[in-house]
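For reference, the structure is listed below as structure tokens.
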Number of protein chains: 2
Amino acid sequence: MPPGTAPLDTGETQDARREDPSSEVTPGAGTVATTAGELGRPATIRDVAALARVSHQTVHRFLQGYEGIRPATRERVVEALAALEYRPNLTARSLTTGRSMRIGALTHELDQFGPSKIIQGAAQAARDAGYVLDILSLDMGDPEEIDRALETVTQHDLAGVLALASTDHMAQAFGAANFRVPAFLAGEEDEFASDHPSQLTSVGFPALIDHLAGLGHHRLLHLAGPSAWSAARNRARAFETAVAGHGLVSDGVAHGDWTARSGYEVISALPSDLGFTAIVAANDQMALGALLALGERGLRVPEDISVTGIDDIPDAAYFSPPLTTLRVDFVAQGRRAVEHLLARIAQREPADDDALISQLVARRSTGAAAR
Amino acid sequence: MPPGTAPLDTGETQDARREDPSSEVTPGAGTVATTAGELGRPATIRDVAALARVSHQTVHRFLQGYEGIRPATRERVVEALAALEYRPNLTARSLTTGRSMRIGALTHELDQFGPSKIIQGAAQAARDAGYVLDILSLDMGDPEEIDRALETVTQHDLAGVLALASTDHMAQAFGAANFRVPAFLAGEEDEFASDHPSQLTSVGFPALIDHLAGLGHHRLLHLAGPSAWSAARNRARAFETAVAGHGLVSDGVAHGDWTARSGYEVISALPSDLGFTAIVAANDQMALGALLALGERGLRVPEDISVTGIDDIPDAAYFSPPLTTLRVDFVAQGRRAVEHLLARIAQREPADDDALISQLVARRSTGAAAR
DNA sequence: GACCAACTTGTTACCGGTCACATTCGGGAT
DNA sequence: ATCCCGAATGTGACCGGTAACAAGTTGGTC
């Protein structure tokens, strides 16, 4: 279903008004009493009250779901509400209550699979709880960017802030920040650790290494992400742990920057005599680059060498060959982060969550070790 | 630089307060006069005024950049502002002014390359203009989703709404909606049309077809997107036009759904005797699927058949083989959409924009036509 | 029919900026 | 010194909800 693309147009425009003089207006009933949908200011609670010939407070009570309103009164309110197409002004509401129903999400690299999926999950969870997720996508690289974002955040009164930090730099900046509202600083979900509650080897990083070991691989190369990323470190650590646990040999760690290009370059630069028989890339993109580099070196995958990724991006199933990888549930991570934040906002303990466990997805990029 | 992934953590938390009793408090100067960063209510304009021994209006004037404030007075205000760590309350501001500095962006499929890049550009442009972009990612498929989103939009008073419609369904829903604020409904940027102002054949869709023609290809297959997407129709139309313009033969149009899977399945399902020598996919993902399917059919790319995509997603350069494609500037599209909206909000004419022209990126997936 | 409690409804003030208007201040001219 | 005028500053109301409290109704009881 998902499209690969969705660009924009020359721009149809539309006006923010509508002709619909379907309702009656009480003549002289206050300043406004505009007809529904007219271009004038939207109806307020007092306009509704005037039309219904009650006090604004009665309208307010109705909107709050208060039961003790006489049926006759209630009916007039309902009618006025409909006639004026009343919509509560959330700005005014949050000014008095001091609470808003908006959560700010500070993130970056939104064009990447992981972050965007996390945001998707977070947006879902927020919406389910009646909140709106305001996404503030930071442009890293600009050092002032974070400061400006924080400034923004503190001004738009938010119910809470979700700070999605991927790198140490961001984590540090967020950690030092004074958001003035409940904040939840989320970093890397360490779901690859082998000391996980679940001892199953059929899932998670151990499953991946187990899979490779079962195919006869002994020497493995880890193609890691940049070490400033907690995700990269966690994955590298999980790799080492799992390798050691299986009595295999790590042939060292090469560092890329998550991109396919870096995977390509790292593998291309390797000396001609590869000591390992399998490459465990820290994400699918780098695995993609590795596949290309291996092909150019005349090595077949998986006959000569096996390659695995992490994430299971949608395209991974259609690489040449289709990539064996660990599926990560980013959406759940985003949802969980919001739930934690909501708990914090409500000043209650967050629900214990199940461990997120990545799933091994075996495809054709892994095969029996050569010779 | 971009990461392939960025998951979350077990959740470091942080409190929204800070110990910093660095500033002096005027004893008894009003109700508040809290020390900076304390957990009490944030300082208001009146708190600042009390501390500076001026009226709230003077503080207001200062904040507005009013020049006519006596130096001595000004200094007291500046000090009070700093001491109390004053931050304007944008909620209160927009309540009175009736204007907010927030733009809502209705979109969907945010996990896809095109949409996320568009949003990135839109967020940039919005920020440059001092606005914040509130991203409302819709979950298509749920028919009520759009209605709820519209409800949300009308309640959170926004300066304007950017409706990014990819499909006819969404365009229709947005078109029928009453946003009550300036709105800009953006659809597919038709940058592939061959009747474009620019007659250059070195860019855009004609360049792609020209490239293929130059390699000796005569019969081409278009692997199109779902026809409910305006982008799919535009690209298909541009394909037909360009093909006709070069005296080539279109071998028909096959429809996918933008995914690699659909590209794979469509190409796999083709009869064994392919009449064409090149596949022009409407996006890179489908081209990826096509590459895999062709490989499985024993066809080499580009020796036996050439394949092209559209978008130039970052991974396309590392497909096996690297994909010849048209690079589309989604970021610019997003930026442009926001600029149009801002013009509409300011009730001025939008600046004429240059035509967006996709660039041919020739890589190794295209080669001389077989035989 | 009077009286009281419970139920309905209304009144007023407030949130934190902004706006329109009023008032006070300061310095030059007389 | 006095007067005047523009510059500087202050006052009060308002935006659209919400909250606290007050007032008006209703119904039941004696």
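The sequence lines fix the lettering, A, B, ..., with proteins before strands; numbering per chain opens at 1.
Residue B:Ser94 is classed as having no contact, given no heavy-atom separation below 4.0 Å to the nucleic acid.
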Taking N or O atoms only and anything under 3.5 Å, show me the protein contacts with nucleotides 25-28 of chain D, one pair per line.
none

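For A:Ser55, the listed nucleotide lying nearest its side chain is C:dT11; candidates were D:dA8, C:dT8, C:dT11.
Taking atom OH of B:Tyr66 as the reference point, atom P of D:dA7 lies 8 Å away to the nearest angstrom. In this structure, the CZ atom of B:Arg53 is 16 Å from the P atom of C:dC25, given to the nearest Å. With rounding to whole Å, B:Phe62 atom CZ is found 12 Å from D:dT9 atom P.
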Exercise for review: Quick one, give me the B/S/- string for nucleotides 16-23 of chain D, reading 5' to 3', where B means a protein heavy atom under 4.0 Å from the base and S means that only happens at the primed atoms, P, OP1 or OP2.
Suggested key: BBBBBB--

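Summarising the geometry, atom CZ belonging to A:Arg127 is positioned 12.0 Å from atom CD1 belonging to A:Ile103; distances are rounded to the nearest 0.5 Å. Interatomic distance, OG of A:Ser116 versus CG of A:Leu110, reported as 7.0 Å (0.5 Å rounding). Distance CG/A:Leu158 to CZ/A:Arg180: 12.5 Å, rounded to 0.5 Å. Between A:Met170 atom CE and A:Leu138 atom CG the span is 5.0 Å, to the nearest 0.5 Å.
Inter-residue side-chain proximity for A:Ile135 and A:Thr107 is flagged as met; some heavy-atom pair is nearer than 4.5 Å.
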For a quick test of your reading: what N or O donor-acceptor pairs under 3.5 Å do the side chains of residues 90-102 of chain B make, sequence neighbours left out?
from, atom 1, to, atom 2, distance (Å)
B:Thr91, OG1, A:Asp157, OD1, 2.7
B:Thr91, OG1, A:Asp157, OD2, 3.4
B:Ser94, OG, B:Leu90, O, 3.3
B:Ser94, OG, B:Thr91, O, 3.3
B:Thr96, OG1, B:Ala92, O, 3.3
B:Thr96, OG1, B:Arg93, O, 3.0
B:Thr97, OG1, B:Arg93, O, 3.0
B:Thr97, OG1, B:Arg99, N, 3.2
B:Thr97, OG1, B:Arg99, O, 3.0
B:Ser100, OG, B:Arg102, N, 3.4
B:Ser100, OG, B:Asp157, O, 2.8
B:Ser100, OG, B:Ala159, N, 3.3
B:Arg102, NE, B:Asp134, OD2, 3.0
B:Arg102, NH2, B:Asp134, OD2, 2.4

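Listed by chain and number, the residues in a side chain to side chain contact (heavy atoms under 4.5 Å, CB included) with A:Ala346 are A:Arg348 (sequence neighbours excluded).
With respect to A:Arg344 and A:Glu339, no salt bridge is recorded, no charged nitrogen being found less than 4.0 Å from a carboxylate O.
Contact check of residues 152-161 of chain B against DNA chain C (heavy atom, cut-off under 4.0 Å) returns no residues at all.
Between the side chain of B:Thr154 and the backbone N or O of B:Leu150 there is at least one donor-acceptor pair closer than 3.5 Å. Side chain of A:Thr73 to backbone of A:Ile69: no donor-acceptor contact under 3.5 angstrom is found.
Judged as a side-chain hydrogen bond (donor to acceptor under 3.5 Å, both in side chains), not a single pair has a partner in residues 59-72 of chain A (not counting sequence neighbours).
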